[in-house]
J.: 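Dropping the structure in here first, questions after.
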Amino acid sequence: MPELPEVETIKRQLARKIIGKKLNKQKITNVRRRGKLLIVDFNNNSSLIFHLKLTGQLLFDGKPSSLTRKVFYFEDGSLLVFNDARKFGWWKIVKNSRAIEKQFGPEALAVKLPAFRNILSRRPNAKIKPLLMDQKFIAGIGNIYSCEILYAAKIHPLRLTRTLNDKETKQIFQNIKKILKAAIEHQGSSVEYYIDACGKKGNFVKHHQVYQKEGQRCRRCGTIIKRIKVGSRSTYFCPHCQSIC
DNA sequence: CAATCGTCCTGCGGGC
DNA sequence: TGCCCGCAGGACGATT
């Protein structure tokens, strides 16, 4: 599932490869990421926006296959293949990307601690895990990294934000940065269909501590990792390290 | 308004 | 072996 680190990996690769190329007579001036969105800007201020959702792939000079839903042809003969097995993903061209971008909360890697505290205080009765995944509050975090962040911070996924003290809030904040940066350094997590713009898998899965580790032992304390449903999403945690109280 | 729940879709794994 | 059922999940819309 492409989350912030996976989209960031694709963004960096595509930026190197397609800035300056022309698509539909328009020149590509930038390739950006906003949350989990990949945004290709053109010189007339329009943008091509992608959301890869669960199974989307963007392959530069990739070979079209049965999974391919769209091929973008650049004027120099190179191309960009958009694959999506489960068809949840989308792309669209907009005259100006500002309206879409402003629906998102601050970038997970850019938000400062006071702003993060403010975000949590606005939702005192929210469970911390679904709130971390709510793009309107913080942009970029999905199911894999919310589990890994809360494990690193030693916070139970069902904790209500009003029960978090200053130290715990800071732990979550610091581990958002730490986990996402580490995942980017390893080109993201290849679970299900994720591959980067060159068709390569990310290496961060072997650094996962809890995600899809149900029944295995916690690497800190040896307790068996549990899986529960939170808002109908699989949620993995260590019942000892991430105690509810 | 905030929080929760159903929905979209398809590949895959378990069970018989 | 092959079929069927249920599960997985981001984000939107409906509901409470």
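Everything quoted here is computed from the prediction, not taken from an experiment. Here is the naming used below: chain letters follow the sequence lines, and residue numbers restart at 1 for every chain.
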J.: Going by the rule side-chain contact (heavy atoms from CB on, under 4.5 Å), which residues pair with A:Asp76 if we only count those two or more places apart in sequence or in a different chain?
T.: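 Only A:Lys21, A:Phe74, A:Ser78 meet the side-chain contact (heavy atoms from CB on, under 4.5 Å) criterion with A:Asp76.
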J.: Which of parallel (below 30°), tilted (30 to 60°) and perpendicular (above 60°) describes A:Tyr211 and A:Tyr236?
T.: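 Ring orientation of A:Tyr211 relative to A:Tyr236: perpendicular.
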J.: Inspect the surroundings of CZ in A:Arg122 and state if more than 12 heavy atoms from other residues, nucleotides or ligands are less than 6.0 Å away.
T.: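 Correct, the count exceeds 12.
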J.: What residue among A:Glu148, A:Lys129, A:Arg233 forms side-chain hydrogen bond (donor to acceptor under 3.5 Å, both in side chains) with A:Asn143?
T.: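 Single side-chain hydrogen bond (donor to acceptor under 3.5 Å, both in side chains) partner of A:Asn143 among A:Glu148, A:Lys129, A:Arg233: A:Lys129.
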J.: Report the relative orientation of the aromatic rings in A:His51 and A:Trp90; use parallel for angles under 30°, tilted for 30 to 60°, perpendicular for over 60°.
T.: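 Judged by the thresholds at 30° and 60°, the geometry between A:His51 and A:Trp90 is tilted.
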J.: What are the bounds, 5' to 3', of the part of DNA chain C that sits under 4.0 Å from heavy atoms of chain A?
T.: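 Nucleotide range in contact with chain A: C:dA8 to C:dA11.
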J.: Among all residues two or more places apart in sequence or in another chain, which pass the salt bridge (Lys or Arg N to Asp or Glu O under 4.0 Å) test with A:Glu185?
T.: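 For A:Glu185, no residue satisfies salt bridge (Lys or Arg N to Asp or Glu O under 4.0 Å) once neighbours in sequence are set aside.
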J.: Base, sugar-phosphate, or nothing: which does A:Arg162 touch, judged by heavy atoms less than 4.0 Å apart?
T.: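 Answer is nothing: A:Arg162 stays at 4.0 Å or more from every strand.
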J.: Among residues 86-101 of chain A, which ones have heavy-atom contacts with DNA chain B below 4.0 Å?
T.: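 Result for residues 86-101 of chain A: A:Arg86, A:Lys87, A:Phe88, sorted by number.
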J.: Apart from A:Tyr193 itself, which Ile, Leu, Val, Met, Phe, Trp or Tyr residues share its cluster (side-chain heavy atoms under 4.5 Å, direct or through members)?
T.: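 Result for A:Tyr193 is A:Leu67.
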J.: May I ask you to check whether A:Phe50 and A:Phe82 place their ring centres under 6.0 Å from each other?
T.: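 Yes, close enough.
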J.: Contact between A:Val111 and A:Lys177 at the side-chain level, heavy atoms closer than 4.5 Å - yes or no?
T.: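 Of all side-chain heavy-atom pairs linking A:Lys177 with A:Val111, at least one is under 4.5 Å.
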J.: Strictly below 4.0 Å, heavy-atom distances to any atom of DNA chain C: list the hits from residues 133-145 of chain A, or just say none.
T.: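 Output list: A:Met133, A:Gln135, A:Asn143.
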J.: All N/O contacts under 3.5 Å from nucleotides 2-5 of chain B to the protein, with atom names and distances to one decimal?
T.:
from	atom 1	to	atom 2	distance (Å)
B:dA3	OP1	A:Ala126	N	3.4
B:dA3	OP2	A:Arg123	NE	2.1
B:dA3	OP2	A:Arg123	NH2	2.9
B:dT4	OP1	A:Lys127	NZ	2.5

J.: If a pair satisfies ring-ring contact (aromatic ring centres under 6.0 Å, His included) and one of its residues is in residues 108-150 of chain A, list it, with sequence neighbours excluded.
T.: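 Those involving residues 108-150 of chain A are A:Phe116-A:Phe173.
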J.: Sequence neighbours left out, what pairs pass side-chain hydrogen bond (donor to acceptor under 3.5 Å, both in side chains) with at least one residue falling in residues 60-71 of chain A?
T.: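 Qualifying pairs: A:Thr68-A:Asn83.
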J.: In whole angstrom, give the distance that lies between atom CG of A:Leu54 and atom P of B:dG11.
T.: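 In whole Å, B:dG11 P and A:Leu54 CG are 14 Å from each other.
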J.: Quick test of your reading: applying ring-ring contact (aromatic ring centres under 6.0 Å, His included), list the pairs with at least one residue in residues 5-46 of chain A, sequence neighbours left out, ordered by first then second residue.
T.: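 As it turns out, there is no ring-ring contact (aromatic ring centres under 6.0 Å, His included) pair with a partner in residues 5-46 of chain A once direct neighbours are skipped.
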J.: Just how far, in rounded Å, is P of B:dT10 from CG of A:Asp84?
T.: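 Interatomic distance, CG of A:Asp84 to P of B:dT10: 10 Å.
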J.: Base, sugar-phosphate or nothing for A:Phe104? Non-hydrogen atoms, less than 4.0 Å.
T.: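 Here A:Phe104 touches no strand at all.
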J.: Angle class for the A:Phe204/A:His186 ring planes (parallel below 30°, perpendicular above 60°, tilted otherwise)?
T.: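 Taking A:His186 first and then A:Phe204, their aromatic rings sit tilted (interplane angle of 30° to 60°).
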J.: To the nearest 10 degrees, what angle separates the axes at the start and end of the helix from B:dA2-C:dT16 to B:dC16-C:dG2, five pairs each?
T.: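 Here the local axes at opposite ends form an angle of 50°.
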J.: Less than 4.5 Å apart, any side-chain heavy atom of A:Ile184 and any of A:Leu4?
T.: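 The answer is yes, as the side chains (C-beta and beyond) meet within the 4.5 Å cut-off.
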J.: Suppose we screen for side-chain contact (heavy atoms from CB on, under 4.5 Å). Which residues come up paired with A:Lys27, at least two apart in sequence or across chains?
T.: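 So A:Lys27 forms a side-chain contact (heavy atoms from CB on, under 4.5 Å) with A:Lys22, A:Asn43.
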